[in-house]
Amino acid sequence: MAHSTEHPHVVVHAPALDGSRRVTEGDRTLGIATHLDDVSEILRLADLYVTDVEGSELIEWQGGGPEDWPGLSEHDELA
């Protein structure tokens, strides 16, 4: 019996105006993260244990990397 080599495709979306980032797997929203630790916890609760959230090839970071968590004040500066 062959093992599946398919891995989940997790996306951490671009920050919203409040700095939060939606975390999805395919069409399913796993949660909303406000910090890097939230991403780890959201993945754990979804039974997707990723030990290196920042460097994992399973995670696609859109609109900034794992260090980008702007708040409203940072968005206001861009206006």
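Considering every non-hydrogen atom in both Pro70 and Asp68, the closest pair reads CD-C, 3.5 Å. Closest approach of Pro15 and Gly63 over heavy atoms only: CD-O, 3.5 Å.
Partners of Thr29 according to the side-chain hydrogen bond (donor to acceptor under 3.5 Å, both in side chains) rule, which considers only residues two or more places apart in sequence or in another chain, do not exist here. Looking at residues two or more places apart in sequence or on another chain, you find a side-chain hydrogen bond (donor to acceptor under 3.5 Å, both in side chains) between Ser20 and Asp18. Scanning for side chain to side chain contact (heavy atoms under 4.5 Å, CB included) contacts around Leu36 gives Val53, Glu54, Trp61, Pro66, Trp69, with sequence neighbours left out. Considering only residues two or more places apart in sequence or on other chains, Thr24 meets the side-chain hydrogen bond (donor to acceptor under 3.5 Å, both in side chains) condition with His13. Applying the salt bridge (charged side-chain N to carboxylate O under 4.0 Å, His left out) test to Glu41 and every residue at least two apart in sequence or in another chain returns Arg44. The side chain to side chain contact (heavy atoms under 4.5 Å, CB included) test applied to Ala46 returns Arg28, Leu30, Leu48, not counting sequence neighbours.
Under the side chain to side chain contact (heavy atoms under 4.5 Å, CB included) test applied with Val10, the options Ile59, Val50, Ile42 reduce to a single match, Ile59.
Listed for the Arg21 side chain is no donor-acceptor partner under 3.5 Å among the backbone atoms of Val39.
Residue-environment remark: CD (Glu57) stays at or below the threshold of 12 foreign heavy atoms within 6.0 Å.
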